[in-house]
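Reminder, nothing fancy here: chain letters follow the sequence lines and each chain counts from 1. All values below were derived from every heavy atom in this structure, side-chain atoms included, with hydrogens, water molecules and symmetry-related copies excluded.
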There are 2 protein chains.
Amino acid sequence: MKKYVEISNYFRNKIVEGKYKANDKLPSESEVGAKFDASKMTVKKAIDILVDEGIVSKRRGAGTFVKSINPIEMEQMVMANQFRGTTALNPNHDVTSTVHLFETVKSPENVASKLNIAQNAPVYKIERVRNIDGKPVVMETTYMPVAIVPSLSLGDVESSIYDYLEHELKLAISTARRIITVRKATTLESERLSLEPHDPVAVVEQVGFLNNGSAFEYSFSVHRYDEYAFEIILHRKVT
Amino acid sequence: MKKYVEISNYFRNKIVEGKYKANDKLPSESEVGAKFDASKMTVKKAIDILVDEGIVSKRRGAGTFVKSINPIEMEQMVMANQFRGTTALNPNHDVTSTVHLFETVKSPENVASKLNIAQNAPVYKIERVRNIDGKPVVMETTYMPVAIVPSLSLGDVESSIYDYLEHELKLAISTARRIITVRKATTLESERLSLEPHDPVAVVEQVGFLNNGSAFEYSFSVHRYDEYAFEIILHRKVT
DNA sequence: AAGTGGTCTAGACCACATT
DNA sequence: ATGTGGTCTAGACCACTTC
């Protein structure tokens with residue numbers, strides 16, 4: 001176990017359990033270093049993880065303090081800020097896919113631009129509706145370069161594309177760039193999502209990257225308005 | 001100038017200018033260290049900033065590589081992931097406020113819970129519509145504890161509350177927790193935002209925190225569907 | 001003045017990828 | 001085998017807050 005993970009886990013647990021309460025001061029870096037037999041740099045790295053998670057804040061010259069968040073909210077925050085496919089996010093629910101389209105096409109210009117590949121390079125085009133406990137919640141249109149994801153099968157598309165990428169192809173998914181917008185559903189979307197015409201939808205446009213830097217996925221996800229929420233912790237850049 | 005900022009700026013510029021292109025390998029940490037007379041830790045910190053910004057990725061044993069993003073997208077990404085008020089985000093537009101409500105009330109239970117203050121503690125309740133170039137784009141309902149923000153005036157509310165907090169009260173805003181959802185506009189909202197009844201809106205629920213860990217703001221922002229976009233870079237937790 | 005976190009070093013050892 | 005990035009140290013100096 002990495003020492004900085006051990007230290008940050010220790011304090012995260014104490015905070016979530018309520019041993020450290022809102023506005024309490026954590027021990028100083030030197031005290032923590034003595035307790036865990038760790039150097040200053042390691043302690044700093046450990047506590048900076050909690051700062052990134054948004055549960056403590058540091059002030060030079062003063063110390064490190066637990067934020068004013070009540071314990072219930074705190075637990076939710078600790079769960080947040082990961083990115084996963086629909087399947088992984090709903091472990092206690094039955095997630096299925098209805099595949100409406102699965103074909104190989106020449107990459108249109110806008111897709112080629114997002115994936116940074118040559119126009120007309122072959123890409124999969126996949127349209128599917130994801131259902132949670134039988135209810136349609138999101139309609140996804142996904143493009144993936146055939147060069148990066150060879151021999152994708154209908155079976156993979158019906159279950160979990162991410163599982164196929166990670167476990168079969170051993171590709172490592174690292175980051176995603178996501179843009180969230182809102183609009184009215186089209187006729188097709190309202191049919192597939194069991195909505196009224198012109199009901200609101202959340203549109204999530206995403207470009208996914210592997211850890212070698214290649215874009216492997218460009219997708220539009222159209223979410224039912226009553227089944228979408230996105231939570232994020234923002235840090236102000238001071239510059 | 002901090003050395004790690006200098007180094008990360010150097011490489012960010014090279015990448016944005018196209019001197020380093022997609023999938024190019026950056027110099028190794030030791031080479032960069034020699035060039036800038038910096039230690040390994042400092043170089044690592046510098047390059048990790050670019051990883052957080054989503055423009056390069058690192059692979060242990062292999063090196064650091066520029067991501068597959070075309071140069072136009074790259075510039076946009078460098079701007080992203082800050083949090084600012086409406087005023088700061090629209091420097092080239094005329095941002096005004098129409099204040100519909102500005103009063104001091106006893107904190108309701110749900111607000112007290114978000115701000116982690118006592119129920120019935122005095123809070124400002126502010127309802128205002130923000131207009132960009134004269135067009136209403138977002139309706140905000142904001143609660144702020146009177147204890148933290150004494151003597152807030154109508155003038156501040158009409159211009160920029162953040163300016164008042166930072167420049168008059170010298171409070172340092174550090175992070176925010178934001179939850180984005182989608183729904184249909186209420187009658188009141190559609191009137192104030194010049195929308196048709198039941199047009200879609202994006203609802204951004206936000207809790208803002210100061211440097212010292214106190215929550216200073218709990219707000220609901222109801223955005224016109226055609227004037228809202230939110231961009232974020234996500235990093236997969238590997239655990 | 002004392003204590004705090006922020007930056008930085010010059011080294012060490014390790015895990016991993018490439019050749 | 002070599003080179004890469006990841007972790008960690010023991011110490012230094014600095015900027016800032018608090019008393």
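- A cation-pi arrangement, defined by a distance under 6.0 Å to the six-membered ring centre and an angle within 45 degrees of its axis, is present between K45(B) and Y4(B).
- A close approach under 4.0 Å does not occur between any side-chain nitrogen or oxygen of S39(A) and OP1 or OP2 of dG11(D).
- Residue contacts for D37(A): at a heavy-atom cut-off of 4.0 Å it reaches the sugar-phosphate backbone alone, with no base atom in range.
- OP1 and OP2 of dG3(C) both lie 4.0 Å or more from every side-chain N or O belonging to S30(A).
- For K67(A) and F209(B), the positive end sits near the middle of the six-membered ring, less than 6.0 Å away and at most 45° from its axis.
- Rounded to an integer number of Å, the gap from M41(A) CE to dG6(C) P is 11 Å.
- In terms of position on DNA chain D, the residue among E31(B) and K3(A) whose nearest nucleotide sits closer to the 5' end is E31(B).
- For dT7(D), the OP1/OP2 oxygens have no side-chain nitrogen or oxygen of T42(A) closer than 4.0 Å.
- Atom-to-atom, CD1 of I7(B) to P of dG5(D) comes out at 13 Å; the value is rounded to the nearest Å.
- Judged by closest nucleotide on DNA chain D, K58(B) is the one of V43(A) and K58(B) placed further toward the 5' end.
- Residue K40(B) places a side-chain atom within donor-acceptor reach of the base of dG6(D), judged by atom type and a 3.5 Å distance cut-off alone.
- Regarding contacts with the backbone of dG3(D), every side-chain N or O of S28(B) stays at 4.0 angstrom or more from both OP1 and OP2.
- Contact check, Y4(A) against dC8(D): no side-chain N or O comes under 4.0 Å of OP1 or OP2.
- Between K45(B) atom NZ and dG6(C) atom C1' the separation is 7 Å, expressed in whole Å.
- At the phosphate of dG3(D), neither OP1 nor OP2 sits under 4.0 Å from any side-chain N or O atom of R60(B).
- Side chains of I148(A) and S214(A) form a contact here, defined as non-hydrogen atoms less than 4.5 Å apart.
- Residues N110(A) and S113(A) bring no donor and acceptor atom of their side chains to less than 3.5 Å of each other.
- Counting heavy atoms from C-beta outward, I126(B) and E140(B) have side chains that stay 4.5 Å or more apart.
- Considering only side-chain atoms of K2(B), the nucleotide from dA17(C), dT7(C), dG5(D) that sits closest is dT7(C).
- When heavy atoms are screened at a 4.0 angstrom cut-off, K44(A) is found touching base atoms of the nucleic acid.
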